[in-house]
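As structure tokens, the structure follows; a few thoughts come after it.
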Amino acid sequence: MKKDVQKRPIAAVRWEGQAAVVSVTGEIDLSCSGEFQDELLDVLDDKPGSITVDLSNVPHMDSSGIASLIKLLGRSRKASVPVRLAGLQKRVQSLFEITRLDKVFEIYPDVTEALAK
Amino acid sequence: MKKDVQKRPIAAVRWEGQAAVVSVTGEIDLSCSGEFQDELLDVLDDKPGSITVDLSNVPHMDSSGIASLIKLLGRSRKASVPVRLAGLQKRVQSLFEITRLDKVFEIYPDVTEALAK
Amino acid sequence: MKIPPNKPIHLTILSVPAHVPVARAAVERFCRAMQVDEQTTGQIALSLDEALANIIKHAYGGRPDGLIEIEVMPLLSDGLPPTLQLRLRDRGRHVDPARIRSRDLDDVRPGGLGVHIIHQYMDRIEYRKAEGGGTVLTMLKRLGGSGGRS
Amino acid sequence: MKIPPNKPIHLTILSVPAHVPVARAAVERFCRAMQVDEQTTGQIALSLDEALANIIKHAYGGRPDGLIEIEVMPLLSDGLPPTLQLRLRDRGRHVDPARIRSRDLDDVRPGGLGVHIIHQYMDRIEYRKAEGGGTVLTMLKRLGGSGGRS
Ligand SMILES: Nc1ncnc2c1ncn2[C@@H]1O[C@H](COP(=O)(O)OP(=O)(O)O)[C@@H](O)[C@H]1O
Ligand SMILES: Nc1ncnc2c1ncn2[C@@H]1O[C@H](COP(=O)(O)OP(=O)(O)O)[C@@H](O)[C@H]1O
């Protein structure tokens, strides 16, 4: 049954030196934001130098997904680990803007630019 | 309202010499198979040397879409115009197999191979 | 967060072709949330599509004001393979189920394939006269493996 | 083949998060069939999502056995811009609509944004006590241009 089903919501975590790059796939809503948050915090537990969350394959995110990211941001700040968001699709970018979280998160057009910081 | 809406179900007709290549986009079902058929027959009216129907962007097709293609095939045969189908996604390929229409239509992996015939 | 087993969702549409893709999208998303594989999802989606088209064309004769109720339910019980049940109820003309048959496959012409497709893709199909008029079509599809549980 | 104006479709789900994407998929497909642009479709989808999440969390307090009825209807009448109406009905705890408010945006913390999002994206929002218990939430979104007509 699961043969062609992708791991969700976090498809993969890749390391570029000390930098963790988290690839998220699919829609993030109340039905998966719990797993999303747990998996994000697991990455932080591995003590990365920075965390880049690649949202380029996320066509939809709601406030529960935002809550998971805010939780990550809070914990990461305490650990002095920068969190960067990359590749937001228009719908998700608009959500960050109307909640004014585009001023709170570091947002980059893509992973390459996020890692260049 | 329609600014980013693609033309459907036939996105474009391209000519390679005498060969007409019809690019179909989106799901084909009872809600659009009438337009689909009309637009296919319009292409035949332009007297092409052959018609290649590119189905690589069709994730879903039902028997009403098949009916449109059979209609085209019948008319094209009378006009001695070969009809080729190209790029069927798995779901659509399977539909042609269980209806045994994979023996009736010329089916190619992609447009390039269809045009090479 | 899992789709609860043995609990239905319901969708009511009109007998208009433009509502068919809406129902299909809901059922496909339901399958995806159950982690049903793509092939099985496609077979379920197409069977739903053909059954709805037949209700629109034959039960309602193309009339756009008929109601079609769609129930989607994952069946899960000990000893039985996980199964998706689709139940479609119309209030149109009921015909003897024995008369609901596709054309001969070798007689290639437009139309006459929908019922054949449903029989190929679904594991059980039952047409029943509905109380109060119309037909209830129940279709079952085994999901195999871990489907329905996940 | 067009989506008929002023005719609803109905969807009934349970108060479980896994049913939310199913409802969203249906509504998104409905918008696409009406040729609503991607931006507006996204705003409608997210508002639906947030409203359903709130019903699950607050009206039903996380209980998974509550029913949520969703009505989707394109409103089209002379002199009014084409509009999509979403109506959600629950049978859970009804609270004074005045108490349904998001947190201050500057007080950055997880949660407390859903109602703000709905107000940003939808043109009209009304909470009404339902007959027989629960709440009816009606949300209207103007579609502008040719939307709804096509
Ligand atoms: N829901 C239905 N109600 C009444 N008759 C039906 C229904 N579905 C199918 N039929 C009958 O079965 C025949 C075969 O259906 P089908 O294989 O889908 O092909 P088509 O619909 O293209 O004729 C139809 O022509 C019709 O007479
Ligand atoms: N459907 C509802 N029923 C009852 N109370 C609600 C409902 N929707 C929202 N509320 C109230 O409004 C508050 C703000 O909601 P919202 O902005 O979505 O944030 P959150 O749900 O994360 O708290 C909720 O905490 C709740 O008290």
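To find a chain, count down the sequence lines: A is the first, B the second, and so on, and within it residues start at 1.
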Mind checking the CD1-OG1 spacing from C:Ile125 to C:Thr138? Nearest 0.5 Å is all I need. 10.5 Å

Max heavy-atom pairs within cutoff under 4.5 Å with chain C, candidates D:Val16, D:Ile13, D:Val22, D:Val27, goes to D:Val22

Under 4.5 Å to a heavy atom of chain C? For D:Arg32 that would be neither

Picking from C:Lys129, C:Arg128, C:His94, what satisfies side-chain hydrogen bond (donor to acceptor under 3.5 Å, both in side chains) with C:Thr135? C:His94

When D:Leu11, D:Val72, D:Leu67 are compared by non-hydrogen pairs under 4.5 Å with chain C, the top option: D:Leu11

Between D:Ala23, D:Ala26, D:Pro64, which residue shows the highest count of heavy-atom pairs closer than 4.5 Å to chain C? D:Ala26

Looking at D:Arg24, D:His19, D:Lys7, which makes the most heavy-atom pairs under 4.5 Å with chain C? D:His19

Checking D:Lys141 side chain against D:Tyr121 main chain: does a donor-acceptor pair fall under 3.5 Å? yes

Below 4.5 Å, heavy atoms only, C-beta onward: do C:Ile56 and C:Val20 meet side chain to side chain? yes

Identify whether the distance between the nearest side-chain nitrogen and carboxylate oxygen of C:Glu69 and C:Arg87 falls below 4.0 Å. no

